[in-house]
Amino acid sequence: MEFSELEQQRVDKIHQMREAGIEPYPTRVERTHSIMAARAQFEESEGEAEAAPIQATLTGRMRSLRAMGKIVFSHIEDATGTVQLFLRINDIGEESFKQSREFFNIGDHIQASGVMFRTRTGEISLRVQSCKMLAKSILTLPAAKNVEGEDGEVVQHATLSDPEVRYRQGYADLAVNPDVRELFRVRAGVVQSLRDFLNERDFLEVETPILQPIYGGAAARPFVTHHNQLHQDLFLRISFELYLKRLLVGGLDRVYEIGRDFRNEGVSFKHNPEFTQLEFYMAYADYLQIMEVTEQMVSTVAQKTLGTHIIQFDEHEIDLTPPWKRIELRQGLIDVVGIDIDEHQTAESLQAAMTAKGLKAKPGSPRGKLIDAMMGDYLEPSFIQPTFLYDYPRDISPLAKSKPGDPQTVERFEGFIGGMELCNAFTELNDPLDQESRFLELGRTYEDGDEEKNPMDEDYLRAMSYGMPPCGGFGIGVDRLVMLLTNRRSIREVILFPHLRERDRGEE
RNA sequence: GGCCCAUUAGCUCAAUUUGGCAGAGCAGCUGACUCUUAAUCAGCGUGUUGAGGGUUCGAGUCCCCCAUGGGUCACCA
């Protein structure tokens with residue numbers, strides 16, 4: 001490690017401490033209360049006439065330091081809160097006081113024992129009788145501080161804001177920005193609420209392979225890896241779908257999985273190469289029932305984690321209360337772009353209609369992709385309030401069941417909130433012969449080199465041939481849900497250690 | 001991948017317009033101060049201005065190139 005002069009001073013202190021017989025990174029720690037518990041116990045005792053003093057040993061990171069002659073004020077912070085320490089030379093002794101002043105810096109983890117009391121200004125504090133270093137910091141954490149300038153303007157100093165540092169050094173971001181810590185508590189609450197919701201409805205949580213010999217269940221390019229001993233290429237999964245539906249064949253009627261998907265595609269404010277997905281499959285249900293479950297699930301999660309169905313996202317106030325708006329895809333496109341996809345059964349015809357309307361249409365795209373592109377460009381951004389878009393073209397939905405009496409359309413819906421696609425669901429195709437022909441259809445539609453082409457999964461077809469119960473399936477991007485519930489516009493804000501390009505270290 | 005913007009002290013930012021000694025606040029260091037919380041007071045600037053090259057008497061500033069980040073377009077269930 002190379003240190004700046006500032007950092008070298010801290011390293012020198014570490015050596016000086018050891019010379020003075022003080023271990024800067026001791027092995028044993030004592031702690032009698034969390035900071036929150038000590039504060040609560042003290043406040044309770046204040047109400048009693050003859051309460052015994054609250055003796056406490058607290059631990060935390062030093063966040064502020066105000067030394068004035070023979071007393072020192074400092075705030076320490078643990079996961080539960082902050083409390084002021086009051087160090088007085090009379091209480092801890094001259095030698096100990098001197099060492100504290102010499103060796104303690106903002107950012108250090110320390111342990112302090114003493115009695116809870118209130119200062120003259122009324123702040124709950126710990127009158128320290130003894131203290132010790134738990135872990136010396138070398139790099140300085142920015143200490144957020146608000147200072148009023150000469151012109152009366154309040155300037156906030158030294159809060160970490162460079163996005164590159166915040167993402168690359170998430171630990172520093174968390175240490176310095178309390179709202180980031182709070183965000184990940186909300187995230188954990190969201191995941192917990194999702195689990196609770198499904199568990200209460202008799203869903204079984206399962207774990208299926210991440211390393212897969214054949215990828216599928218979505219139109220996306222995979223990451224490829226290799227098993228050395230087996231001499232076999234493997235793919236990181238792009239969805240859980242095909243494995244979870246095998247479980248329905250096996251008699252697990254309601255299953256779900258929360259885990260990581262990997263897609264080898266562009267990154268953006270709403271795409272990270274790895275992201276957290278929830279998928280569930282529910283036997284003896286169709287997509288209409290799944291819509292109802294979806295509304296209930298998302299609004300329940302919001303209620304449990306935020307205490308409300310009304311969320312603020314960007315400039316929008318969004319009401320998650322069921323039922324959500326439902327728009328048929330075909331009708332939505334008629335209303336917004338003025339094209340009836342039913343009148344254009346071939347890619348060529350649709351392409352011509354789009355060009356005539358002045359819409360951009362990538363030449364040579366299959367019909368389904370053109371429809372999908374129109375939907376993404378013109379419908380998706382306008383769906384701020386929760387909206388289900390339903391009934392999709394068959395050729396972009398190879399795993400969904402056709403609508404009765406309308407073989408070109410499948411029972412599929414996507415849910416949108418805040419102008420973002422949030423979830424995707426359908427009545428699952430359970431006819432193995434139809435499924436096989438869908439796979440073959442796809443093989444013809446996509447070029448051989450197109451990695452989005454779903455490879456034929458023979459084992460999946462075999463499973464389905466044993467008889468898969470009619471079911472509804474559902475997938476939701478958990479990161480995007482967290483973005484909505486925490487009002488963050490970038491997926492990187494809600495992921496710990498989001499992927500960034502590797503720094504060029506060639507010169508070191 | 002294309003285009004635009006950014007990168008200056010540990011952190012947040014000036015100085016770039018018109019090339020002329022690289023500066024503040026916070027934190028840090030030295031000293032004073034026994035109830036502060038923006039502590040206060042007196043001092044100290046700690047830097048390969050993202051990397052490399054060029055123009056120039058002189059470059060943080062202008063030019064080229066590279067890297068990283070952000071935005072946007074392309075791409076993308």
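This structure is a prediction, so every number in the text was calculated from the model and none was measured. Below, chain A is the first sequence line, B the second, and so on; all start at residue 1.
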Quiz item: Thr119(A) side-chain donor-acceptor pair to U36(B) base, under 3.5 Å: yes

Phosphate OP1/OP2 of G28(B): any Asn105(A) side-chain N/O under 4.0 Å: yes

Quick test of your reading: applying salt bridge (Lys or Arg N to Asp or Glu O under 4.0 Å), list the pairs with at least one residue in residues 106-117 of chain A, sequence neighbours left out, ordered by first then second residue. Asp108(A)-Lys136(A)

Mind checking the C1' distance from U49(B) to G19(B)? Whole angstroms is fine. 15 Å

In whole angstroms, the gap separating C1' of G10(B) from NZ of Lys136(A) amounts to 14 Å

C1' atom, U7(B) versus G60(B): distance in rounded Å? 11 Å

Residues forming a ring pair (Phe, Tyr, Trp, His ring centres under 6.0 Å) with Phe383(A), sequence neighbours excluded: Phe416(A)

Between C76(B) (C1') and Glu380(A) (CD): distance, integer Å: 11 Å

Answer yes if the ring centres of Phe235(A) and Tyr215(A) are under 6.0 angstrom apart, and no otherwise. yes

Among residues at least two apart in sequence or on other chains, which ones pass ring pair (Phe, Tyr, Trp, His ring centres under 6.0 Å) with Phe117(A)? Phe86(A)

5'-most by nearest nucleotide on RNA chain B - Arg10(A) or Tyr167(A): Arg10(A)

Taking side chain to side chain contact (heavy atoms under 4.5 Å, CB included) as the test, write out the residues that go with Cys471(A), two or more places apart. Leu248(A), Glu428(A), Met468(A)

Roughly how many Å apart are A9(B) and G23(B), using the C1' atom of each and rounding to a whole number? 10 Å

Nearest whole Å is fine: how far is C76(B) P from Ile238(A) CD1? 14 Å

Nearest to the side chain of Glu5(A), heavy atoms from C-beta on, is which of G47(B), U12(B), U68(B)? G47(B)

Nucleotide-level pairing of RNA chain B, given in dot-bracket where Watson-Crick and G-U pairs need both distances under 3.5 Å and | marks other strands: (((((((..((((......[..)))).(((((.......))))).....(.(((..]....))).))))))))....

To the nearest 0.5 Å, what is the distance between CD1 on Ile110(A) and CG on Leu85(A)? 5.0 Å

Protein-nucleotide distance (Phe104(A), atom CZ; G28(B), atom C1'), rounded to Å: 17 Å

Sequence neighbours excluded, the answer for side chain to side chain contact (heavy atoms under 4.5 Å, CB included) partners of Gln16(A) is Asp12(A), Lys13(A), Glu102(A), Phe103(A)

Side chain to side chain contact (heavy atoms under 4.5 Å, CB included) filter on Val478(A), not counting sequence neighbours, yields Arg187(A), Val191(A), Leu194(A), Thr276(A), Leu278(A), Val482(A)

What's the closest nucleotide to the side chain of Arg168(A) if the choices are A39(B), G69(B), U34(B)? G69(B)

Which value, in whole Å, describes the distance between the C1' atoms of nucleotides G52(B) and C66(B)? 7 Å

To the nearest Å, how far apart are Gln169(A) CD and C11(B) C1'? 12 Å

Assert: residue with more 5' nearest nucleotide on RNA chain B, out of Asp162(A) and Glu421(A), is Asp162(A)

Tell me if the aromatic rings of Tyr287(A) and Phe426(A) count as close, with their centers under 6.0 Å from one another. no

Nucleotide of G69(B), C29(B), C76(B) approaching Lys13(A) most closely (side-chain heavy atoms): C29(B)

Distance under 6.0 Å and angle within 45° of ring axis: Arg39(A) vs Phe42(A): no

Ring-plane angle category for Phe413(A) and Phe474(A), please: parallel below 30°, perpendicular beyond 60°, tilted otherwise. tilted

Between G28(B) (P) and Arg63(A) (CZ): distance, integer Å: 12 Å

Separation of C11(B) atom P from Ile106(A) atom CD1, nearest Å, is 16 Å

Is Lys369(A) near enough to C76(B) that one of its side-chain N or O atoms lies under 4.0 angstrom from OP1 or OP2? yes

Among the candidates A77(B), C29(B), U34(B), find the nucleotide nearest to the side-chain atoms of Gln9(A). C29(B)

Between G31(B) and A67(B), how far apart are the two P atoms, rounded to whole Å? 49 Å

Among U12(B), A27(B), C35(B), which nucleotide sits nearest the side chain of Leu160(A)? U12(B)

Across all chains, not counting sequence neighbours, the side chain to side chain donor-acceptor pair (under 3.5 Å) partners of Gln169(A) are none

In whole Å, measure the gap between the C1' atoms of U55(B) and A15(B) for me. 22 Å

Under 4.0 Å between a side-chain N/O of Ser4(A) and OP1 or OP2 of U46(B), yes or no? no

Rounded C1' spacing from A27(B) to C63(B) in Å: 38 Å

Proximity to the side chain of Glu7(A) - top-ranked nucleotide from C35(B), G69(B), G10(B): G10(B)

Pairwise C1' distance for C44(B) and U61(B), with rounding to whole Å: 29 Å

Stretch residues 76-89 of chain A: residues that reach within less than 4.0 Å of RNA chain B through a heavy atom: Gln84(A), Phe86(A), Arg88(A), Ile89(A)

Nearest whole angstrom, please: distance from the P of G28(B) to the CE of Met62(A). 10 Å

